[in-house]
Amino acid sequence: MFLIFGTSGSTSVQDSGQFYCPECDDYKNYEHKKVQKKASLFFIPLVPIEDLGDYVECQDCKATYKKSVLDHDPKAEEEKIRSLYYFGTLDIMISIAHADGVLLKEEITEIRNTFESIIGSEVSEEFLNQQIEKSKETNYSPVQVASALAAHLNDVGKERVLRGAIAISKADGVIQNEELVMLHNISKALLLPKTYANGIFGEEKIKLI
């Protein structure tokens with residue numbers, strides 16, 4: 001009796017689910033597949049002897065990718081940036097209003113109105129009070145918050161942050177010299193091009209320094 005030994009490739013499904021397929025530019029079902037070399041008897045794969053690699057296959061277009069493609073979720077990343085922008089802007093406005101140690105009623109009203117216009121919905125007084133208390137605890141300066149936001153926003157997003165800061169500085173009717181300096185430092189921390197920032201300051205009737 002002759003025994004026929006050899007090796008052959010074998011592919012098995014390790015996992016499945018939904019992912020963002022770059023080729024389809026949409027969310028599709030995938031299979032995570034593993035390729036192994038197996039010892040075979042009579043051409044039947046039996047024992048794994050070597051891992052040859054793995055890949056993710058789109059079940060719609062059949063394109064294949066490295067497993068790291070599963071870590072890419074545009075919607076989740078977009079939501080993260082949006083949240084960072086929303087709450088970063090709110091932190092900056094609260095920090096500016098609280099810079100003199102007193103939060104005036106008109107400043108709180110302006111913060112609430114500006115934030116609601118940014119997110120497109122109403123916020124409760126309780127929510128706003130919670131954010132004010134959190135801002136006191138973290139004690140980050142408006143410039144520090146702006147610097148943290150800079151890498152995640154385009155120029156339009158940065159402009160909205162700066163205009164929010166300007167609105168709060170104007171809320172009590174007078175922009176103090178310290179606030180003026182802070183506004184310019186915020187624009188620098190946001191990495192806004194100087195001509196772009198100066199254009200905003202000009203529209204808002206803010207003195208250039």
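From a predicted model like this one, the values you see are computed outputs, not experimental measurements.
Between Thr89 and Met93 the shortest side-chain heavy-atom distance falls below 4.5 Å. Side-chain contact between Pro193 and Asp155: present, with at least one pair of heavy atoms (C-beta onward) separated by less than 4.5 Å. With a 4.5 Å cut-off on side-chain heavy atoms, Ser141 and Ser95 do not count as touching.
The salt bridge (Lys or Arg N to Asp or Glu O under 4.0 Å) search around Lys66 returns none, not counting sequence neighbours. Partners of Ser147 according to the side-chain contact (heavy atoms from CB on, under 4.5 Å) rule, which considers only residues two or more places apart in sequence or in another chain, are Ala189. With sequence neighbours excluded, no residue forms a salt bridge (Lys or Arg N to Asp or Glu O under 4.0 Å) with Glu179. Partners of Ser83 under the side-chain contact (heavy atoms from CB on, under 4.5 Å) rule, at least two apart in sequence or in another chain, are Phe87.
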_Derivation and outcome, side-chain contact (heavy atoms from CB on, under 4.5 Å), residues Ile166 and Ile200_ = CA-CA 10 Å; Ile166 292 171; Ile200 297 170; 4.1 Å; yes
*Do Phe19 and His72 pass the ring pair (Phe, Tyr, Trp, His ring centres under 6.0 Å) test, and can you show the C-alpha distance, the side-chain angles, and the key distance before you say yes or no?*
CA-CA 8 Å; Phe19 82 131; His72 179 52; 10.0 Å; no
*Just do the side-chain contact (heavy atoms from CB on, under 4.5 Å) check on Thr64 and Val56 with the steps written out, would you?*
CA-CA 5 Å; Thr64 59; Val56 169; over 6 Å; no
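Salt bridge present: Arg82 and Glu78 bring a charged side-chain N and a carboxylate O closer than 4.0 Å. Glu110 has no carboxylate O lying under 4.0 Å from a charged side-chain N of Lys170, or vice versa, which leaves the two without a salt bridge.
Here side chain to side chain donor-acceptor pair (under 3.5 Å) pairs that include residues 23-33, with residues two or more places apart or in two chains, are Tyr20-Asp25, Tyr27-Asp73, His32-Asp54, Lys33-Glu57. Listed by first and then second residue, the side chain to side chain donor-acceptor pair (under 3.5 Å) pairs that reach into residues 187-201 are Glu159-Tyr196, sequence neighbours excluded.
Under the 3.5 Å distance criterion, the side-chain polar atoms of Glu107 are matched with a main-chain donor or acceptor of Leu104. Between the Ser117 side chain and the Thr114 main chain, a donor and an acceptor come within less than 3.5 Å of each other. Judged by distance alone, the side chain of Arg160 and the main-chain N or O of Ile118 form no donor-acceptor pair under 3.5 Å.
In terms of heavy-atom proximity, Val145 sits nearest to Gly88 at CG1-O, 3.5 Å. Nearest approach of Ile92 to Pro142, heavy atoms of both residues: CG1-O, 3.8 Å.
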